[in-house]
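Report on the following structure.
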Amino acid sequence: LYFVLDGISKSDSIFKIDTFHAIEAYFGSIILILLFLKIRFGNLENFINLREKSEHNDVTGLKNKSALRSSCSHFIHLPMFISMIDIDNFKFFNDMYGHQTGDLVLQSFAMILVQNFGKDACFSYGGDEFLIALQSTNEEDFKSRLRKALDGLSKLSLDKRVLVRPTFSAGYVYGKPLTREDFMDMIAKADYL
C-alpha cells in the first residue's frame, strides 16, 4: 500500500529514493530484531546454565538439596523408599590421599548409585552424604539395590598405587508422604537411622 500510494503521488526520482529508504529501513529493522533475539536467547541460555548449576553438585553431577526442595512435590502421594547414605570415614580419604582422591571417590560412588537407582532418584545431600528417593513398594528389591551399591563401592579401584576400599552407612524409611512436611520428615528419619 505504501509503495502504491507513494508511486501515485510522487515523481519517479522521489519514488526511487523513497523505495530505497523503505527497503533500507526494512532490512535495518530485521537486523536489529535479529540482534535483539540473539541477546535474548543468550540471556535465556545463561539462565538455563545458572539454574542447572544451582541445582547440581559440581563434583558428582547429581541433583542437590536445592533441586530436591523444588521437586519434592513430585514425590507426594507416592509409595517410596527414602534412604540417606553416608560414606564412612570420608575425611580419612581426603586427609590420607588428598581432596582429588576424595572427589574421585564421590564421583565413582555417585555413578554406582545412579547405576543401581537411576539418575532421577539420586541426590547429593552434603559433602559425603547422598539421598535416594525411589518410588517403589518392593523392600527386597530396594535392599538388593543397596547391597549392589555397597558391593560396587567396596570394589572401587581408583589408582593402582592407592588402595581405596570405602564403605557406607545407610538408613531408610518407607512410606507415602501426604505433604511436603511428611516428605522432609521421612528424610530426617532416614538420616537418623
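Heavy atoms only: backbone and side chains are in, while hydrogens, waters and symmetry mates are out.
Leu134 and Tyr172 fall within a single hydrophobic cluster, where Ile, Leu, Val, Met, Phe, Trp and Tyr are joined by side-chain heavy atoms under 4.5 Å apart, directly or via other members. Residue Phe41 is not grouped with residue Leu32 when hydrophobic side chains (ILVMFWY) are merged at heavy-atom distances under 4.5 angstrom, including chains of intermediate members. Follow the hydrophobic side-chain contacts under 4.5 Å out from Leu113 and you reach Ile87 in the same cluster. No continuous path of ILVMFWY side-chain contacts below 4.5 Å connects Met111 to Phe109, so the two sit in separate hydrophobic clusters. Taken together through direct or relayed side-chain contacts under 4.5 Å among Ile, Leu, Val, Met, Phe, Trp and Tyr, Ile187 and Phe81 form parts of separate hydrophobic clusters.
Other members of a hydrophobic cluster containing Ile39 are absent, since no ILVMFWY side chain comes under 4.5 Å of it, directly or through relayed contacts. Residues near Leu178 contribute nothing to a hydrophobic cluster around it, because no ILVMFWY side-chain heavy atom sits closer than 4.5 Å to its side chain.
Among residues at least two apart or in separate chains, there is no side chain to side chain donor-acceptor pair (under 3.5 Å) pair with a member in residues 20-41. Residue pairs satisfying the side chain to side chain donor-acceptor pair (under 3.5 Å) criterion with at least one member in residues 184-193, sequence neighbours excluded, are listed as follows: Asp185-Lys189. Applying the side chain to side chain donor-acceptor pair (under 3.5 Å) definition to pairs two or more places apart or across chains, those involving residues 120-138 are Asn57-Ser124.
Under the side chain to side chain donor-acceptor pair (under 3.5 Å) criterion, Lys91 pairs with Asp95, not counting sequence neighbours. Scanning for side chain to side chain donor-acceptor pair (under 3.5 Å) contacts around Asn94 gives an empty result, with sequence neighbours left out. Every side chain to side chain donor-acceptor pair (under 3.5 Å) that Asp141 has, sequence neighbours left out, goes to Arg145. Here Phe117 pairs with Phe142 under the ring-ring contact (aromatic ring centres under 6.0 Å, His included) rule; sequence neighbours left out. Listed by chain and number, the residues in a ring-ring contact (aromatic ring centres under 6.0 Å, His included) with Phe123 amount to none (sequence neighbours excluded). In this view, Leu34 and Ile30 satisfy the side-chain contact (heavy atoms from CB on, under 4.5 Å) rule, not counting sequence neighbours. With sequence neighbours left out, the side chain to side chain donor-acceptor pair (under 3.5 Å) criterion links Asp88 to Thr167, Ser169.
Just one of Ile82, Leu146, Ile85, Asn116 meets the side chain to side chain contact (heavy atoms under 4.5 Å, CB included) condition when paired with Ile132; it is Ile85.
Between atom NE2 of residue His77 and atom NZ of residue Lys176 there is a gap of 9.0 Å, rounded to the nearest 0.5 Å. Taking CG of Asp151 as the reference point, atom CD1 of Ile112 lies at 9.0 Å (rounded to 0.5 Å). Expressed to the nearest 0.5 Å, how far CD1 of Ile76 lies from CZ of Phe183 amounts to 7.0 Å.
Residues Phe130 and Ala110 share a closest heavy-atom pair of CE2-CB, 4.2 Å. Among all heavy-atom pairs drawn from Glu55 and Ser66, the shortest one is CG-OG, 4.2 Å. Closest approach of Met186 and Tyr174 over heavy atoms only: CE-C, 4.0 Å. Closest approach of Cys72 and Arg180 over heavy atoms only: SG-NH1, 3.0 Å.
Remark: the backbone N or O of Ala67 is paired with a side-chain donor or acceptor of Asn64 at under 3.5 angstrom.
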Exercise for review: Test side-chain contact (heavy atoms from CB on, under 4.5 Å) on Leu68 and Lys63 and set out the steps.
Suggested key: CA-CA 7 Å; Leu68 179 68; Lys63 293 178 281 185; over 6 Å; no

